[in-house]
Amino acid sequence: MAQIIDGKAVSAAIKEQVRDEIAHSGISAGLAVVIVGNDPASRVYVNNKKKACEFCGIKSFEYALPEETTMKELLELIDTLNNDKNVNGILVQLPLPKQLDEKAVIERISPQKDVDAFHETNVGKIMIGNYSFLPCTPAGCMELIHSTGISVSGKECVVIGRSNIVGKPMAMLLLHENGTVTVCHSRTKNLAEVCRRADILVAAVGKPNFVTADMVKEGAVVIDVGINRLENGKLCGDVKFDEVSEKAGWITPVPGGVGPMTIAVLMKNTLTAAKIQK
Ligand code: NDP
């Protein structure tokens with residue numbers, strides 16, 4: 001039976017570190033969160049980010065804009081926040097309504113305030129291993145892997161998913177720690193066979209219960225990034241937890257695994273941004 005990797009505990013420890021550093025150093029850190037429209041899931045994420053800021057002693061500034069916001073209006077707001085000394089980090093909650101160009105919005109955020117690390121400049125820095133911020137979800141996954149005490153170096157690592165937000169940076173972070181990394185996607189042949197090679201398997205597919213026990217090596221570390229809402233309203237990961245936990249060595253639950261880590265790393269990144277800017 002796998003040991004559960006407790007994302008709530010690991011994330012709480014990170015937030016406490018951030019809180020203590022802010023309290024002791026007297027650094028003032030501020031995070032602006034921009035939400036456009038009325039997506040209920042985005043609203044929940046934004047509220048959780050605000051709560052985490054309160055806990056850590058980070059000032060949070062929320063900008064809730066209507067669904068019909070234009071590009072011009074949103075870019076003007078970002079320019080204002082880029083020039084606001086009280087704002088060290090800027091986060092635009094994705095997805096944005098259809099009329100808004102996400103790529104252009106992200107590129108407008110000053111790279112020094114891009115605490116999600118989605119800006120091209122930061123993506124490039126991550127690629128060459130010379131970064132200030134790491135993207136929140138993959139960095140959170142790395143923290144969870146570290147919490148097992150298992151070293152990534154020399155391990156077979158398989159990432160399912162190649163999105164810019166999760167899969168690709170995840171692969172890069174595993175590579176930086178000397179893992180032998182394979183990235184799988186919808187065109188991958190013999191997926192189960194490839195996954196079975198993994199000592200460390202990361203699932204970022206967005207399909208409930210996609211990873212089954214026959215895809216997992218005995219004793220593997222399984223990190224489930226997926227957040228899927230089932231028809232009955234319950235949250236479920238990409239990994240079929242009941243059967244995979246019988247075979248894996250370590251596994252993250254959903255909820256309570258990667259989810260809370262993303263916000264904890266965001267807090268850490270905001271503090272880093274404040275330190276760099278001061
Ligand atoms: P995307 O939809 O952008 O990417 C999904 C990836 O899965 C794609 O690369 C796709 O391949 C691949 N894929 C789809 N079907 C298959 C298949 N049959 N076999 C192999 N690969 C497949 O999703 P994200 O990366 O943004 O998110 C992934 C999951 O993680 C979602 O559930 C999301 O909600 C969750 N998430 C959780 C976060 C957290 O804080 N815990 C934060 C961000 C995301 P292809 O490229 O070929 O289409």
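Source: prediction; values computed, not measured. In listed order, ligands and their atoms are each counted from 1.
The pair E107-K103 does not meet the salt-bridge criterion, since no charged nitrogen lies less than 4.0 angstrom from a carboxylate oxygen. Using a 4.0 Å cut-off between charged side-chain N and carboxylate O, E62 and R43 make a salt bridge.
Looking at L81 and V34, their side chains come closer than 4.5 Å, going by heavy atoms from C-beta outward.
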Show me the donor-acceptor pairs within less than 3.5 Å that the side chains of residues 126-144 make with the rest of the protein, sequence neighbours left out.
{"residue": "T137", "atom": "OG1", "partner": "T262", "partner atom": "OG1", "Å": "3.1"}
{"residue": "E143", "atom": "OE2", "partner": "K268", "partner atom": "NZ", "Å": "3.0"}

### Task
Test S60 against V33 for side-chain contact (heavy atoms from CB on, under 4.5 Å), laying out the working first.
CA-CA 7 Å; S60 73; V33 179; 5.7 Å; no
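Ligand 1 lies under 4.0 Å from heavy atoms of T137, I160, G161, R162, S163, V166, H185, S186, L191, A204, V205, G206, K207, F210, V225, G226, I227, N228, V258, G259, T262.
No donor-acceptor distance shorter than 3.5 angstrom exists from the side chain of K8 to the backbone of G256, with no hydrogens or angles considered.
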